[in-house]
Amino acid sequence: NTYSWRNLTKKIRDKTPRPVASKCTKIADDPLSEIKVYSEDDIIDESNPAFSQYIQLREKVSEFPDVSISVLKSGIKFKINGKRFGEIDVTGVTKTKFDVLVANGDQIKDPTGLLIDISNRKWGNLKHRIVMNPDTDVDAVVHLLKQSYDVSRKSQRWCWHECRSTNEKRYHRHSDW
């Protein structure tokens, strides 16, 4: 007597009770009423002792040219040309500190030793972090984020170029600038 998946699923289907589908409930008339817009207060609030450092950090990072700061459910993202160079992740925010995730950490000079390698975790291009306690130097963190910003900015340069192999003109991305 051989068993195949087809025979087994037939046996299971016959013996497993199927739930009766209930009638569909009416969805709200306004689909936007269910969308939650997150703010910085949802990620880090004034009760955190490091909140004033976050404000200083945000103000200094927002002065970088062409930077965008977006708040999502997962955290506060610092981007240049749509590419993250830093982030305050919601899972790294505690009652007394917050973590700043940094991209391009292997290309950054860190004389203060603030960068912690987290490349064994799955954070995309954010492979280093900085723990921001109330006594962490904000200017040192901004300096590291500025280096990450510069590397990300350089990697996103596009230019009009004549291809050497095909002699056709096209846009391409420069890896170094």
**Student:** What heavy-atom pair brings Arg84 and Ser152 nearest, and what distance separates the two atoms?
**Tutor:**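 Between these two residues, the closest heavy atoms are O-OG, 4.2 Å.
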**Student:** If you measure from CG on Leu57 to CZ on Phe98, what distance do you get to the nearest 0.5 Å?
**Tutor:**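 Nearest 0.5 Å value for the CG-CZ distance: 5.5 Å.
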**Student:** Where do Val37 and Asp42 come nearest, in terms of heavy atoms and distance?
**Tutor:**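 Heavy atoms of Val37 and Asp42 come nearest at O-OD2, 4.2 Å.
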**Student:** Using the ring of each side chain (for Trp, its six-membered ring), is Tyr149 parallel, tilted or perpendicular to Phe85, with breaks at 30° and 60°?
**Tutor:**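 Aromatic pair Tyr149/Phe85 classed perpendicular.
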**Student:** With a 4.5 Å cut-off on side-chain heavy-atom distances among I, L, V, M, F, W and Y, is there a chain of contacts connecting Val100 to Leu72?
**Tutor:**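 No, because Val100 and Leu72 fall into different hydrophobic clusters, even though each may have its own neighbours under 4.5 Å.
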**Student:** Measure the CG-OH distance between Asp45 and Tyr54 for me, rounded to the nearest 0.5 Å.
**Tutor:**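 The distance works out to 12.0 Å.
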**Student:** Could you report the tightest heavy-atom contact between Val90 and Lys73, atom names first, then the distance?
**Tutor:**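 Residues Val90 and Lys73, closest heavy atoms: CG1-O, 3.9 Å.
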**Student:** How far does CG of Asn104 sit from CG of Leu145, to the nearest 0.5 angstrom?
**Tutor:**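 Going from CG on Asn104 over to CG on Leu145, the span is 11.0 Å.
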**Student:** Looking at every non-hydrogen atom in both residues, tell me the closest pair between Ala50 and Lys97 and how far apart they are.
**Tutor:**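 Smallest interatomic distance, heavy atoms only, reads CB-CA, 4.4 Å.
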**Student:** Can you tell which of Val138, Val61, Asp139 makes a side chain to side chain contact (heavy atoms under 4.5 Å, CB included) with Gln56?
**Tutor:**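 When side chain to side chain contact (heavy atoms under 4.5 Å, CB included) is applied between Gln56 and each of Val138, Val61, Asp139, only Val138 qualifies.
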**Student:** With side chains defined as the heavy atoms from C-beta onward, is the minimum distance between Asp99 and Asp89 less than 4.5 Å?
**Tutor:**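 No, their side chains stay 4.5 Å or more apart.
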**Student:** Between Lys154 and Asp150, is the closest basic N to carboxylate O distance under 4.0 Å?
**Tutor:**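 Here Asp150 does not pair with Lys154 in a salt bridge, since their nearest N and O are not under 4.0 Å apart.
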**Student:** At their closest point, which heavy atom of Ile108 faces which heavy atom of Leu115, and how far apart are they?
**Tutor:**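 What the structure gives for the nearest pair is CG2-CD1, 4.2 Å.
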**Student:** CG/Leu144 to CG/Leu114 distance, rounded to the nearest 0.5 angstrom?
**Tutor:**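 Reported value, rounded in 0.5 Å steps: 6.0 Å.
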**Student:** Could you grab the distance from atom CD of Glu63 to atom NZ of Lys146, nearest 0.5 Å is fine?
**Tutor:**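 NZ of Lys146 is found 11.0 Å from CD of Glu63.
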**Student:** Quick check for you: to the nearest 0.5 Å, what is the distance between Arg58 atom CZ and Ile88 atom CD1?
**Tutor:**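 Here the interatomic distance stands at 9.5 Å.
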**Student:** Specify the closest pair of heavy atoms between Val151 and Gln107, including all atoms of both residues, with the distance to one decimal.
**Tutor:**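 Closest pair (atom of Val151, atom of Gln107, distance): CG1-OE1, 3.0 Å.
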**Student:** Between Gln53 (side chain only) and Thr136 (backbone N and O only), is there a donor and an acceptor less than 3.5 Å apart?
**Tutor:**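 Confirmed, Gln53 side chain pairs with Thr136 backbone.
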**Student:** For the pair Asn133 (side chain) and Asp135 (backbone), establish whether a donor and an acceptor sit closer than 3.5 Å, ignoring hydrogens and angles.
**Tutor:**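 Checked: no pair found.
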**Student:** Give me each pair satisfying salt bridge (charged side-chain N to carboxylate O under 4.0 Å, His left out) with a member in residues 101-113, each pair once, sequence neighbours excluded.
**Tutor:**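 Non-adjacent pairs meeting salt bridge (charged side-chain N to carboxylate O under 4.0 Å, His left out): zero.
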